Novice: 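Below are the structure tokens for one structure; questions will follow.
All values derive from a computational prediction rather than experimental measurement. In what follows, every heavy atom counts, from backbone to side chain, and hydrogens, waters and symmetry copies are set aside. Every chain is numbered from 1 and lettered A, B, ... according to where its sequence line falls, protein lines coming before strand lines.
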Amino acid sequence: MMGEQIAIELIALAVRFGGDAIRAMIRRGADGDSSTCGEQVRKILDAHSTQSAVMQLGWMAGHGARDE
Amino acid sequence: MKRLVAIGAVALCTGCTATTRDIARASVVLSAQALAESMPLCRDAASLQEAQAGIKTARTCVEAYHIARPSIEAAASSVDAWDAGSRRNVVCAIGRAAVAVARALDAIAAAGGTVPLALRDAASLAEKIGGECK
């Protein structure tokens, strides 16, 4: 990592990605927010849309396991 | 603000560099975002398949989530406790997460779902970062 080329690709992708979390991260950085990386990651992964999808996927996968 | 300045410096000027920790943090957050966005796509793709195929897609995605999430959280912890070994910890954890996320994206595509290009690029870049794990 973390040669210059990868850094440039990473930043370009972060800008293109357009996710709310990336925008929020940039805003928080600009505001001097000191939340930890762990807190940021958990906030992203605990979003309702993600957790709801994981729960439904788990139900579907479990449904298959019961049929076997 | 320091992070924003560092990111802007890399984006705008090849002669400037962000700190390794800044870049590590950005790659960890990007990986988390890629994982988070891939799960609803997995669910939608699996839902549209016939029963057995949908179950297979769901299993692949759930397994990917349960590999990727702890890896990303471990990488985030390394960023927060940044020390001499953190760089290696981050690249290796991001690499494990990237392989899992790529598996989920492949499952979405195999199920006939559309994987946004930015999401595919995020996984690909994370795999590239993980390739530095030695």
Novice: Please report the closest heavy-atom contact between Pro40(B) and Ser49(A), naming both atoms and the distance.
Specialist: CG-O, 3.8 Å
Novice: Are Val101(B) and Val115(B) connected, step by step, through hydrophobic side chains (Ile, Leu, Val, Met, Phe, Trp, Tyr) whose heavy atoms are closer than 4.5 Å?
Specialist: yes
Novice: Among Gly58(A), Cys37(A), Ser52(A), Ala53(A), which residue has the highest count of heavy-atom pairs closer than 4.5 Å to chain B?
Specialist: Cys37(A)
Novice: What's the separation between atom SG in Cys42(B) and atom CE in Met60(A), rounded to the nearest 0.5 Å?
Specialist: 10.0 Å
Novice: Donor-acceptor pair, distance only, cut-off 3.5 Å: does the side chain of Asp80(B) make one with the backbone of Thr36(A)?
Specialist: no
Novice: Answer yes if Trp82(B) and Val28(B) sit in the same cluster of Ile, Leu, Val, Met, Phe, Trp and Tyr residues linked by side chain heavy atoms under 4.5 Å apart, and no otherwise.
Specialist: yes
Novice: I need the residue from Glu63(B), Arg69(B), Glu73(B) with the largest number of non-hydrogen atom pairs under 4.5 Å to chain A.
Specialist: Arg69(B)
Novice: Hey, could you give me the CG/CD1 distance between Leu57(A) and Ile55(B), rounded to the nearest 0.5 Å?
Specialist: 12.0 Å
Novice: Work out which heavy atom in Ala58(B) is nearest to a heavy atom in Ala61(A); give both atom names and the distance.
Specialist: CB-N, 3.9 Å
Novice: Can you tell me which residue among Val54(A), Leu45(A), Thr50(A) is in a side chain to side chain contact (heavy atoms under 4.5 Å, CB included) with Leu35(B)?
Specialist: Leu45(A)
